[in-house]
Number of protein chains: 2
Amino acid sequence: MRRMTARPANAHQARLLQLLRDGGPNSRAQLGDQVDLSRSKLAVEVDRLLETGLVVADGLAASRGGRRSHNVRLNPELRFVGVDIGATSVDVAVTNAELEILGHINQPMDVREGPVAVFEQVLSMTAKLRASGLAEGFDGAGIGVPGPVRFPEGVPVAPPIMPGWDGFPVREALSQELGCPVMVDNDVNLMALGEQHAGVARTVHDFLVVKIGTGIGCGIVVGGDVYRGTTGSAGDIGHIQAVPDGRQCACGNRGCLEAHFSGAALARDAAEAAEQGRSAELANRLEANGGLSAADVAAAAAAGDATALDLIREGGRSTGQVIAGLVSFFNPGLVVIGGGVTGLGHNLLAAIRTQVYRQSLPLATGNLPIVLGELGPTAGVIGAARLISDHLFSPA
Amino acid sequence: MRRMTARPANAHQARLLQLLRDGGPNSRAQLGDQVDLSRSKLAVEVDRLLETGLVVADGLAASRGGRRSHNVRLNPELRFVGVDIGATSVDVAVTNAELEILGHINQPMDVREGPVAVFEQVLSMTAKLRASGLAEGFDGAGIGVPGPVRFPEGVPVAPPIMPGWDGFPVREALSQELGCPVMVDNDVNLMALGEQHAGVARTVHDFLVVKIGTGIGCGIVVGGDVYRGTTGSAGDIGHIQAVPDGRQCACGNRGCLEAHFSGAALARDAAEAAEQGRSAELANRLEANGGLSAADVAAAAAAGDATALDLIREGGRSTGQVIAGLVSFFNPGLVVIGGGVTGLGHNLLAAIRTQVYRQSLPLATGNLPIVLGELGPTAGVIGAARLISDHLFSPA
DNA sequence: CTTCTTTGTCCTGTGAGTGGAGAAAGTTGG
DNA sequence: CCAACTTTCTCCACTCACAGGACAAAGAAG
């Protein structure tokens, strides 16, 4: 099948495409209710979109008390790819133009193997999804990497946990291989986009997404748009000091949040507790699996292990401490907690909430929900698809 | 004289007014170079602005190698008022439409006397400026208050240091009295606007302004626009924890930045040091003035007093600690330090810089200037004038 | 079957804006 | 002082986006 290469010719068309993406198939009349254009003008623009092939006719709508309206929808053959490169695994998903996930695979992998190896992995995963009949080709791809990105160029910069990736032309390379436009962003920003598109943040304009995985990062959304900062490192909260004179961190300082609470830190502390005999539960799991992860701590806590619970609470306290500062500063309308460690669930959330509500001023916390992300591991890939879709569905 | 009541009729006119405000008198041809409109269209819009009286002809420009162009400028009779209500004093200034200060008065006053008393004060100050022949009336006014504001309504909300101001209809009341449009904002946001308009932040789009006065606050500018947060309390960093289990703060928590470093905290610590005999210099000043202020500490430090210097350094360290977190999170292109305490000058700045550059990651600090504000006590009133000017010089 | 409502199409009018032709006003070099 | 070149301003014709009305098509309700 021939890939779609058209782009909206003007702001009206872009708006219509976005409405069809976010609202699904829609009648011409209903679109008219949403766009503030005369019927004649609307008809012209819809017809032009039909000509480009981005939009297709889709039968008749139910009557609203008079003549039935013609339905239109985004071309169901359009395919986007969302890639989410984590520190320890890669997610790849294929979506339609409405950003519904048609296929999704996850594979463990260490980013530190470098861009070339990871790239091969990603390409083999996209090939697999394509081979399964979900797509004959791709119209766009979004990709998230676990570190700061020079957004306009689509290139990672100085990523501490990704040696070898600095300056690697991710956008260029992936675009070449997949034969479609590509946008690159930080993984946390994509998670924010995902939760905004299809998750808990659908109605909020200013919010924060704190992702606690192997490391810790924060996505910032201002006025509905992701804020990336001057050099693309906004939201890099893992090295904010959470505990004065606390643990030594890889960055050279002491007491960084990431050194006290993150997937890696939690696994380390749990192993320590097991070895020191402070928790039989954790020791058993250590023996059984040959290592400990955040999931083990979650399971131990669920089984009533006090030490595991303490680890979670203490981590939540540190995290809440930092988030409290961010809430005072940023005054968001919502804080979303996500990432691998959210398996710790309500215990973690409760600890964070307690700390934030206690430390920040009432005006900032009064009406502030602090919730877990709704999309789990799909937030990143949905956000990635949304990123490229926003790009393609904007005036050329 | 009749006051101007016209507003720009469209975005082009608004843009032209802003160019004339920020660039001063300008030839029609030069305007044409900046706006991307055909000469014919430009002429039409300029003529319309002349008709409204917002803009007046201003003779002929120098030749650029051919026929001389006609100059235009904003009506020199337009007058804006900028009001900056601090915790302990009030500033009022009158500007022309180019936001040049024509007259400026400052009077000590305690906000805690409540809105009615302060209002009388402000009105008597505007009356005084008017009587001095600077203005026959006002075309707009901006006013800053030392606490959070519900911006759209122009009403202070739950201001901790301003009892009695909660819900007081500042905008409404001042508009009534002055007979012109009024906009209300937080004093720190106005300081940010001031430094953006005429100070150190003219070329930066994302920056922070930390105002250290009686309290501590932070102005946040994102993409050239002031960010106010969901409930108008963004930038309220005075109660971020700077010292775990530190000093008791009025807010009920411990170790808040404001409890450790601010005009009030510094005066308190200096008096303590003087009484405990730790500094002869400060004790002398205490005796001489019957009290100590930040200025005394600055003078003592300048005179070589080690205790005073320590107080400044320690305060700068706490402040830098908090700013370091904000820098990691927000990744600004510039940090401006301002407010009354900036009299402490380079000692303070050095302490802040040391702490920030040490604690934040290189990517965020690599190219980050941390500087003192350029406008001093006029930043607030210029920002206030800029606020109302932005409002009036936008499409109606 | 009649009447009302909704939807879609066609057509004309309007206002924004462009771009070119000249006229007006200057500069520069002989 | 004059001729040739520049810049600026004004006027006019043309294009284009868009609104809004007239009318036809399609359906609902009584």
Rounded interatomic separation in angstrom, taking CG from B:L31 and P from D:dC9: 10 Å

Residue B:D36 excluded, over 12 heavy atoms near CG under 6.0 Å: no

Sugar-phosphate only, base, or nothing, as touched by B:S69 at under 4.0 Å among non-hydrogen atoms: sugar-phosphate

Side-chain donor/acceptor of A:R68 to base of D:dA26, under 3.5 Å: no

Out of C:dT9, C:dT18, D:dA19, whichever nucleotide has its closest atom nearest the side chain of A:A43: C:dT9

A:R64 CZ to D:dA26 C1', straight-line distance once rounded to whole Å: 15 Å

Any A:H70 side-chain nitrogen or oxygen under 4.0 Å from OP1 or OP2 of D:dA26: no

Sugar-phosphate only, base, or nothing, as touched by A:S63 at under 4.0 Å among non-hydrogen atoms: sugar-phosphate

Any donor-acceptor N or O pair under 3.5 Å, side chains B:R28, B:H70: no

Nucleotide nearest B:R39 when distance is taken to its side chain, options C:dA21, C:dG8, D:dC18: C:dA21

Within 6.0 angstrom of A:Q176 CD, more than 12 heavy atoms from elsewhere: no

Value in whole Å for how far the C1' atom of D:dA25 lies from CG of A:L60: 12 Å

Along DNA chain C (nearest heavy atom to each residue), the more 5'-positioned of A:G66 and A:D47: A:G66

A:R67 CZ - D:dC23 C1' separation (whole Å): 12 Å

Atom-pair distance (CG on B:L42; C1' on D:dT10), nearest Å: 13 Å

A:R202 bridged to A:E374 by N-O distance under 4.0 Å: yes

A:E45 CD - C:dT9 P separation (whole Å): 14 Å

Under 3.5 Å donor-acceptor pair, B:S40 side-chain atoms to C:dG19 base atoms: yes

Electrostatic pair B:R15:B:E45 at N-O distance under 4.0 angstrom: no

Euclidean distance, atom CG of residue A:L50 to atom P of C:dG8 [Å, nearest integer]: 12 Å

Sugar-phosphate, base or nothing in reach of A:R28, heavy atoms under 4.0 Å: sugar-phosphate

Interatomic distance where NZ belongs to A:K41 and P belongs to C:dC11 [whole Å]: 17 Å

Nearest-nucleotide 5' precedence on DNA chain D, A:N10 against B:S27: B:S27

